[in-house]
Amino acid sequence: MILVTGGAGFIGANFVLDWLAASAEPVLNLDKLTYAGNLENLAALEGDARHIFVQGDICDRALVDRLLQQYQPRALVHFAAESHVDRSIHGPGEFMRTNVEGTFTLLEAARAYWSGLSGEARDAFRFHHVSTDEVYGSLSPEAAPFTETHPYEPNSPYSASKAASDHLVRAWHHTYGLPVSTSNCSNNYGPFHFPEKLIPLVIVNALAGKALPIYGDGRQVRDWLYVGDHCAAIRRILEAGRLGETYNVGGWNEMTNLEIVHQVCALLDELRPRPDGQSYASQITHVADRPGHDRRYAIDARKIEAELGWRPAETFASGIRKTVAWYLAHEEWVRHVQSGAYREWVLRHYEGDAAAAAGTAGVAS
Ligand code: NAD
Ligand code: TYD
């Protein structure tokens with residue numbers, strides 16, 4: 001079996017679902033169920049003996065040791081993290097704890113476990129670390145996309161904590177020989193994306209008649225990849241990636257935030273038109289910019305394409321259509337994740353902008 005951390009979050013849950021759809025190999029899923037973790041994401045696996053869920057913290061060394069001994073996984077795929085840049089600005093402590101200390105704990109537990117293996121099991125073991133393109137910092141408009149050798153220049157507490165974890169993974173390979181691989185992926189979107197992030201926030205706010213908050217001028221560029229393509233890349237790296245290597249994963253799909261929001265509005269206009277006939281784009285509101293906001297991310301994915309033959313299956317047009325349709329079909333999921341904690345976050349984070357906090361800006365009555 002494989003051990004997945006953070007498998008109740010956005011990408012982790014998609015990974016577990018895709019894994020079990022494609023393979024008979026069981027998954028042991030270790031997740032703390034923070035505000036971002038949601039067992040409803042895994043509801044399709046209810047009663048499926050191949051999925052074993054354990055609620056727990058990756059910083060809990062005794063627990064991780066026990067799970068490794070008890071289940072003897074052949075690989076560990078590490079998604080668990082605090083993942084939201086804006087939250088890291090408000091409160092970086094939890095990011096250091098989970099992303100840095102948690103990764104350290106997993107590496108030490110994996111090292112002890114792997115050292116005790118022998119023969120084929122030892123040769124086959126793999127620790128895969130899931131990371132982000134944000135560790136590379138911000139690109140100027142004319143700069144070439146990030147390659148794997150781009151210097152690490154993290155700018156937010158989130159990206160700094162992920163950069164630290166990448167360095168730990170690298171060092172555990174270099175010093176102890178732990179069989180690791182790392183992937184640095186661009187922005188994901190798709191089903192089960194928590195509506196604090198741009199794309200699901202825009203879908204959910206649009207349908208609720210709320211403001212669509214664009215930070216600053218909205219011309220920041222991100223490189224968007226459908227989550228299923230990210231999951232396929234990780235599966236491929238586990239299968240054939242070289243030990244100690246990092247692979248950049250991205251869809252060659254750079255878009256400004258304004259372009260993204262307009263595309264989402266256009267799809268909603270087509271699939272769920274507003275009763276007053278106006279476009280959802282009329283709900284767009286510019287709000288104060290994020291402090292230290294990175295201007296542009298872009299991934300050069302040639303290494304994983306050439307070495308491992310991975311290519312995204314979705315275009316942005318096909319992926320975003322699927323995503324919007326998924327949110328329209330899962331309004332109950334949205335209602336359930338909009339817990340007290342979620343509402344508190346929205347009020348606290350957007351409170352500087354009265355219109356957004358009131359949730360009514362730009363909406364025709
Ligand atoms: P997410 O916030 O949706 O999910 C994180 C999951 O980790 C949650 O289920 C949460 O309960 C769990 N978790 C948090 N702290 C934990 C702890 N201490 N112990 C155990 N579980 C804990 O995040 P996501 O968007 O699914 O991202 C998953 C991984 O992919 C992260 O490592 C992130 O840095 C990376 N990544 C994300 C993106 C993106 O666009 N979302 C892009 C590239 C890389
Ligand atoms: P986000 O989804 O938080 O991902 P990341 O910061 O990891 O790239 O944000 C994507 C982009 O959208 C980023 O440039 C910030 C911007 N953004 C807004 O303009 N408004 C919002 O309300 C949010 C959440 C993000």
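The analysis underlying the following values was restricted to heavy atoms, covering all of them including side chains, and did not include hydrogens, waters or symmetry mates. None of these values were measured; they are calculated from a predicted model. Indexing begins at 1, ligand by ligand and atom by atom, following the structure's order.
- Only the backbone of E196 comes within 4.0 Å of ligand 2, counting heavy atoms alone; no side-chain atom from C-beta on gets that close.
- In the vicinity of G56, heavy-atom distances shorter than 4.0 Å reach the ligand 1 atoms 19 (N), 20 (C).
- Within the 4.0 Å heavy-atom criterion, neither part of V287 lies near ligand 2.
- Residue contacts with ligand 1: T5 is excluded, as none of its non-hydrogen atoms falls under 4.0 Å.
- Inspection of the Q338 and W333 side chains reveals no N or O donor paired with an N or O acceptor under 3.5 Å.
- Counting heavy atoms under 4.0 Å from ligand 1, residue H78 does not touch it at all.
- With hydrogens and angles ignored, the 3.5 Å screen pairs a side-chain donor or acceptor of Y113 with a backbone N or O of P73.
- Between E82 and K32 no salt bridge is recorded (no basic side-chain N to carboxylate O distance below 4.0 Å).
- Residues R295 and D217 are paired through a salt bridge, judged by an N-O separation under 4.0 Å between the basic side chain and the carboxylate.
- Looking only at heavy atoms of the protein, atom 16 (C) of ligand 2 is closest to N257 ND2, 3.4 Å.
- Annotation: C59 places no N or O atom under 3.5 Å from an N or O atom of ligand 1; distance criterion only.
- At least one heavy atom of A8 lies less than 4.0 angstrom from ligand 1.
- No N or O atom of H193 sits closer than 3.5 Å to an N or O atom of ligand 1.
- No part of Y158 comes within 4.0 Å of ligand 2, judged by heavy-atom distances.
- Contact check on E25 versus R50 returns no salt bridge, with no Lys/Arg side-chain nitrogen under 4.0 Å from an Asp/Glu carboxylate oxygen.
- Note on R87 versus E94: no salt bridge recorded, every NZ/NE/NH1/NH2 to OD/OE distance being 4.0 Å or above.
- The shortest contact between atom 20 (N) of ligand 2 and any protein heavy atom is with P213 O, 2.8 Å.
- Scanning the protein heavy atoms around atom 10 (C) of ligand 2, the nearest turns out to be L198 CB, 3.9 Å.
- The E134 neighbourhood of ligand 2 comprises atoms 5 (P), 7 (O), 8 (O), with distances under 4.0 Å to a heavy atom of that residue.
- The side-chain heavy atoms of V180 and H128, taken from C-beta on, include no pair separated by under 4.5 Å.
- Heavy-atom contacts of H84 reach the following atoms of ligand 2: 3 (O) (cutoff under 4.0 Å).
- Listed by number with element, the atoms of ligand 1 under 4.0 angstrom from any heavy atom of N187 are 40 (O).
- Judged by distance alone, the side chains of Y35 and E196 do bring a donor and an acceptor atom under 3.5 Å apart.
- Short contacts between ligand 2 and L201, defined as distances under 4.0 Å to a heavy atom of the residue, involve ligand atoms 22 (O).
- At a 4.0 Å heavy-atom cut-off, ligand 1 touches L33 through the backbone alone.
- When each atom of ligand 2 is checked for a heavy atom of Y350 under 4.0 Å away, the hits are 21 (C), 22 (O), 24 (C).
- Given atom 4 (O) of ligand 2, the protein heavy atom at minimum distance is N187 ND2, 3.4 Å.
- Residue I199 does not touch ligand 2, judged by heavy-atom distances below 4.0 Å.
- Between W310 and Y247, the ring center distance fails the sub-6.0 Å criterion.
- Ranking protein heavy atoms by distance to atom 14 (O) of ligand 2, first place goes to H293 NE2, 2.7 Å.
- Under 4.0 Å is where a charged nitrogen must lie from a carboxylate oxygen, and between R242 and E307 at least one such pair does.
- Residues H129 and D166 bring a donor and an acceptor atom of their side chains to less than 3.5 Å of each other.
- In this structure, S131 counts as a contact residue of ligand 1, since one of its heavy atoms falls inside 4.0 Å of the ligand.
- Ligand 1 is never approached by F194 to a heavy-atom distance shorter than 4.0 Å.
- Atoms CG and CD, on N184 and E148 in that order, are 8.0 Å from each other to the nearest 0.5 Å.
- For ligand 2 and I214, the ligand atoms under 4.0 Å from any heavy atom of the residue are 19 (O).
- Within the 4.0 Å heavy-atom shell around ligand 1 one does not find G7.
- Under a 4.0 Å criterion applied to the non-hydrogen atoms of K162, ligand 1 contributes the atoms 31 (C), 32 (O), 33 (C), 34 (O).
- Atoms of ligand 1 found under 4.0 Å from any heavy atom of K32 (numbered from 1 in listed order, with element): 16 (C), 17 (C), 18 (N), 19 (N), 20 (C), 21 (N), 22 (C).
- Taking 4.0 Å as the cut-off, A13 does not count as a neighbour of ligand 1 on heavy-atom distance.
- Inspection of the N99 and S165 side chains reveals no N or O donor paired with an N or O acceptor under 3.5 Å.
- Residue pairs satisfying the ring pair (Phe, Tyr, Trp, His ring centres under 6.0 Å) criterion with at least one member in residues 130-163, sequence neighbours excluded, are listed as follows: Y136-F146, Y136-H150, Y136-Y152, F146-H150, Y152-H167.
- For the residues Y35, F15, Y158, F10, the heavy atom positioned nearest atom 33 (C) of ligand 1 is part of Y158.
- Those atoms of ligand 1 that come under 4.0 Å of a heavy atom in S186, given as number and element, are 42 (C), 43 (C).
- When the heavy-atom distances from atom 9 (O) of ligand 2 to H349, R290, K197 are ranked, the shortest goes to R290.
- Residue-level proximity to ligand 2 for V85 is carried by the side chain, the only part with a heavy atom below 4.0 angstrom.
- In the model, R274 has a side-chain atom that pairs as donor or acceptor with a side-chain atom of Q283 under 3.5 Å.
- Judged by distance alone, with hydrogens and angles left aside, the side-chain atoms of D300 form no donor-acceptor pair with the main-chain N or O of P145 at under 3.5 Å.
- Closest to atom 25 (C) of ligand 2 among all protein heavy atoms lies Y215 CE1, 3.5 Å.
- Distances between N or O atoms of R222 and those of ligand 2 include at least one value under 3.5 Å.
- Using a 3.5 Å distance cut-off with no hydrogens or angles, the side chains of T315 and S318 do pair a donor with an acceptor.
- Judged by the 6.0 Å and 45° rule, R222 forms a cation-pi pair with Y297.
- Salt-bridge annotation for R236 and E239: present, with a side-chain N of the basic residue lying under 4.0 Å from a carboxylate O of the acidic one.
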